Peer 1: 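Structure provided below as structure tokens; questions to follow.
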Amino acid sequence: MGQKGPLRWRGGHGWLVLCGGEEAEEAHRMALARSAPEGYAVVVMAAADDPERAYRYERQYRAWGSLPCRVLTLRAREEAFQIAHARLLLDARLILIADGDVRRLLETFFDTPALQAMITAYHSGAVVLGIGAGAEAMGTWVLGSGWEEALGAWGWLPGAFVVSHYTPEAARALQAALHRRPFAYGIGLAEGAALALGPGDQIERWGEGEITVVFGARWLDRE
């Protein structure tokens with residue numbers, strides 16, 4: 001388990017990168033710099049079916065002279081059980097989880113070989129870069145549609161809500177969620193901001209946007 005100050009995250013030899021939105025070129029460049037030079041990157045399209053967005057990433061990575069980039073589009077949960085897809089993720093050195101509908105992303109990956117392959121790749125040293133919904137899924141809960149409910153997420157950051165595209169309206173919704181779960185805390189990621197969690201308890205801020213950490217009223221009593 002990685003830990004720095006109040007933050008805890010799943011231990012591994014790779015990096016977990018939580019990005020608040022699309023406008024974060026520095027986060028992509030830093031993620032590429034932290035990736036092993038051999039192998040390839042995978043762009044995961046599961047939160048939304050947007051081929052143009054996927055291939056835009058692919059073209060950009062190629063322009064930077066980075067790892068070869070492959071696109072994995074999962075349109076249904078059944079596709080996350082395909083062995084070929086799990087193997088693609090297992091051998092990736094950089095996994096980019098694109099933005100979109102976080103509920104769709106969670107439903108697609110829940111308890112599947114594809115999700116386990118991402119975890120194994122991270123344990124082996126891969127960088128997992130979540131953008132928007134991809135970052136939110138790494139927490140323990142996410143704010144659901146309308147921000148009136150909390151959905152269970154992957155739990156890679158124990159006790160945490162991760163909120164991307166962080167705005168004053170999102171901040172109010174997070175405060176309400178923490179009122180219902182006073183032992184939890186929240187990470188608010190503005191557009192252009194990325195929080196990078198690495199091995200050896202390394203933690204870095206990438207990009208220009210703000211990162212806000214909000215604690216529930218009973219957070220200090222959680223032990």
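Residue indices begin at 1 and follow the sequence shown. Bear in mind that the values here come from a model prediction, so they are computed numbers and not experimental data. Computed over heavy atoms, backbone and side chain alike; hydrogens, waters and symmetry mates excluded.
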Peer 1: SG/Cys19 to CG/Asp99 distance, rounded to the nearest 0.5 angstrom?
Peer 2: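 One gets 9.0 Å once the value is rounded to the nearest 0.5 Å.
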Peer 1: Identify the two heavy atoms, one from Ala92 and one from Ala121, that lie closest to each other, and give their separation to 0.1 Å.
Peer 2: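 Nearest pair, atom of Ala92 first, then Ala121: O-CB, 4.2 Å.
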Peer 1: Of all heavy-atom pairs between Pro199 and Gly12, which one has the smallest distance, and what is that distance?
Peer 2: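 Closest heavy-atom pair between Pro199 and Gly12: CB-O, 3.6 Å.
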Peer 1: With the threshold set at 4.0 Å, does a side-chain nitrogen-carboxylate oxygen contact exist between Arg59 and Glu52?
Peer 2: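 Salt bridge flag = yes for Glu52 with Arg59.
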Peer 1: Do the side chain of Asp201 and the main chain of Gln3 share a donor and acceptor less than 3.5 angstrom apart?
Peer 2: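 Indeed, once roles are kept as given, a pair shorter than 3.5 Å links the two residues.
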Peer 1: Would a 4.5 Å heavy-atom cut-off, applied to side chains only, mark Ile95 and Leu129 as touching?
Peer 2: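 Counting from C-beta outward, Ile95 and Leu129 never come under 4.5 Å.
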Peer 1: Run the side chain to side chain contact (heavy atoms under 4.5 Å, CB included) check on Asp91 and Tyr40 step by step: do they pass?
Peer 2: CA-CA 8 Å; Asp91 295 331; Tyr40 54 85; 3.3 Å; yes
Peer 1: Return yes if some donor-acceptor pair links the side-chain N/O of Gln82 with the main-chain N/O of Glu79 below 3.5 Å, else return no.
Peer 2: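 No, the answer is negative, given that no donor and acceptor are paired below the 3.5 Å cut-off.
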Peer 1: Quick check: are there more than 12 heavy atoms from other residues, nucleotides or ligands sitting under 6.0 Å from CZ of Arg205?
Peer 2: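 Atom CZ in Arg205 is crowded, with more than 12 foreign heavy atoms closer than 6.0 Å.
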Peer 1: Drop me the distance from Thr108's OG1 to Leu115's CG, to the nearest 0.5 angstrom.
Peer 2: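 If we round to the nearest 0.5 Å, Thr108:OG1 and Leu115:CG are 11.0 Å apart.
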Peer 1: Look up atom CE in Met45 and atom CG in Leu105, then write down how far apart they are to the nearest 0.5 Å.
Peer 2: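 Between Met45 CE and Leu105 CG, I get 10.5 Å after rounding to 0.5 Å.
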Peer 1: So, using salt bridge (charged side-chain N to carboxylate O under 4.0 Å, His left out) as the criterion, who are the partners of Arg29 when residues are at least two apart?
Peer 2: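 Glu25.
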Peer 1: A side-chain contact here means heavy atoms from C-beta on lying under 4.5 Å apart; do Leu16 and Tyr122 qualify?
Peer 2: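 A side-chain contact exists here, since the closest heavy-atom pair is under 4.5 Å.
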Peer 1: If you apply the rule side chain to side chain contact (heavy atoms under 4.5 Å, CB included), what do you find for Leu197 with Leu18, and how did you get there?
Peer 2: CA-CA 8 Å; Leu197 308 170; Leu18 290 69; 4.2 Å; yes
Peer 1: If you draw a 6.0 Å radius around CD in Glu210, do more than 12 non-hydrogen atoms from other residues or ligands fall strictly inside?
Peer 2: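 At most 12 heavy atoms, drawn from other residues, nucleotides or ligands, come within 6.0 Å of this atom.
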Peer 1: Mark yes or no for whether His165, through its side chain, and Ala190, through its backbone, hold a donor-acceptor pair below 3.5 Å.
Peer 2: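 No; judged by distance alone, with no hydrogens or angles, the pair does not exist.
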Peer 1: Should Leu157 and Arg8 count as side-chain neighbours, where that means a heavy-atom distance under 4.5 Å?
Peer 2: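 No, their side chains stay 4.5 Å or more apart.
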Peer 1: Quick one: are Val43 and Arg70 in side-chain contact, heavy atoms under 4.5 Å?
Peer 2: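 No - every pair of side-chain heavy atoms lies 4.5 Å or more apart.
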Peer 1: What verdict does the side chain to side chain contact (heavy atoms under 4.5 Å, CB included) test give for Leu178 and Phe215, after you've listed the backbone C-alpha separation in whole Å, the side-chain angles of each residue and the deciding distance to 0.1 Å?
Peer 2: CA-CA 7 Å; Leu178 293 176; Phe215 300 100; over 6 Å; no
Peer 1: Ala47 and Ala98: which non-hydrogen atoms are nearest, and at how many Å?
Peer 2: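 Shortest heavy-atom contact: CB-O, 3.8 Å.
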Peer 1: For Tyr55, is the OH atom crowded, meaning more than 12 foreign heavy atoms sit under 6.0 Å from it?
Peer 2: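 Check fails, neighbour count at 12 or below.
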Peer 1: Is it true that a side-chain atom of Arg104 and a backbone atom of Ala46 form a donor plus acceptor pair closer than 3.5 Å?
Peer 2: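 At least one qualifying donor-acceptor pair exists.
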Peer 1: To the nearest 0.5 Å, what is the distance between CZ on Phe109 and CD on Gln116?
Peer 2: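 So the CZ of Phe109 and the CD of Gln116 are separated by 12.5 Å.
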Peer 1: Counting only N and O atoms by type, is there a donor-acceptor contact under 3.5 Å from the side chain of Arg77 to the main-chain atoms of Phe110?
Peer 2: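 Confirmed, Arg77 side chain pairs with Phe110 backbone.
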Peer 1: I want to know whether Tyr57 and His28 have ring centres closer than 6.0 Å.
Peer 2: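 Under 6.0 Å, so yes.
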Peer 1: Any link between Phe81 and Leu88 through a network of hydrophobic side chains (Ile, Leu, Val, Met, Phe, Trp, Tyr) touching at under 4.5 Å?
Peer 2: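 No, Phe81 and Leu88 fall in different hydrophobic clusters.
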Peer 1: Would you say Leu106 and Leu189 are hydrophobically clustered, going by side-chain heavy atoms of ILVMFWY under 4.5 Å?
Peer 2: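 Leu106 clusters together with Leu189.
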Peer 1: Would you say Trp156 ends up clustered with Val213 if hydrophobic residues are merged whenever their side chains have heavy atoms under 4.5 Å apart, either directly or through other cluster members?
Peer 2: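 Result: yes, single cluster for both.
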Peer 1: Quick one: does Ile187's side chain get under 4.5 Å of Ile211's, heavy atoms only?
Peer 2: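 Sidechains of Ile211 and Ile187: in contact.
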Peer 1: Is there a donor-acceptor pair under 3.5 Å between the side chain of Thr140 and the backbone N or O of Gly159?
Peer 2: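 Yes, Thr140 side chain to Gly159 backbone: donor-acceptor pair under 3.5 Å.
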Peer 1: Walk me through whether Leu7 and Tyr185 qualify under side chain to side chain contact (heavy atoms under 4.5 Å, CB included).
Peer 2: CA-CA 9 Å; Leu7 303 180; Tyr185 74 100; 3.5 Å; yes
Peer 1: Evaluate the side-chain proximity of Ile97 to Val128: yes if any heavy-atom separation is below 4.5 Å, no if none is.
Peer 2: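 Val128 reaches Ile97 side chain to side chain.
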Peer 1: Counting C-beta onward and ignoring hydrogens, is there a side-chain heavy-atom pair between Leu89 and Val42 closer than 4.5 Å?
Peer 2: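 Leu89 vs Val42: side chains touch.
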Peer 1: Do Leu96 and Leu32 sit in the same hydrophobic cluster, where Ile, Leu, Val, Met, Phe, Trp and Tyr count as joined when their side-chain heavy atoms come under 4.5 Å apart?
Peer 2: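 Both belong to a single hydrophobic cluster.
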Peer 1: Nearest 0.5 Å, please: how far is CG in Leu195 from CE in Met138?
Peer 2: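 That separation rounds to 10.5 Å.
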Peer 1: Please tell me whether Leu174 and Trp141 are part of a single hydrophobic cluster in this structure, the criterion being side-chain heavy atoms less than 4.5 Å apart.
Peer 2: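 Both belong to a single hydrophobic cluster.
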Peer 1: Using atom types as modelled and distance alone, determine if a side-chain donor or acceptor of Glu136 lies under 3.5 Å from a backbone N or O of Ser164.
Peer 2: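 Yes.
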Peer 1: So with a 6.0 Å cut-off around NE2 of His13, is the heavy-atom count from everything else above 12?
Peer 2: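 No, NE2 of His13 has 12 or fewer neighbouring heavy atoms, counting only those of other groups under 6.0 Å.
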Peer 1: Would you say that Gln202 contacts Lys4 through its side chain, given a criterion of any heavy-atom pair below 4.5 Å between the two side chains?
Peer 2: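 No; the side chains remain at least 4.5 Å from each other.
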Peer 1: One pair to check against salt bridge (charged side-chain N to carboxylate O under 4.0 Å, His left out): Arg34 and Glu204. What are the steps and the verdict?
Peer 2: CA-CA 12 Å; Arg34 297 297 166 85; Glu204 297 177 1; 3.1 Å; yes
Peer 1: For the residue pair Ser35 and Ala31, what are the closest heavy atoms and their distance?
Peer 2: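 The pair with the smallest heavy-atom distance is OG-O, 2.7 Å.
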Peer 1: Specify the closest pair of heavy atoms between Ala137 and Val102, including all atoms of both residues, with the distance to one decimal.
Peer 2: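 Result for this residue pair: N-CG2, 4.4 Å.
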Peer 1: Listed by chain and number, what are the salt bridge (charged side-chain N to carboxylate O under 4.0 Å, His left out) partners of Arg75, not counting sequence neighbours?
Peer 2: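 Once residues adjacent in sequence are excluded, the partners of Arg75 under the salt bridge (charged side-chain N to carboxylate O under 4.0 Å, His left out) criterion are Asp49.
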Peer 1: State the CE-CH2 distance between Met30 and Trp206, to the nearest 0.5 angstrom.
Peer 2: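 Answer rounded to 0.5 Å: 5.0 Å.
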Peer 1: Can you name the nearest heavy-atom pair linking Gly100 to Ala133, along with the distance?
Peer 2: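 Gly100 and Ala133 have their closest heavy atoms at O-CB, 3.5 Å.
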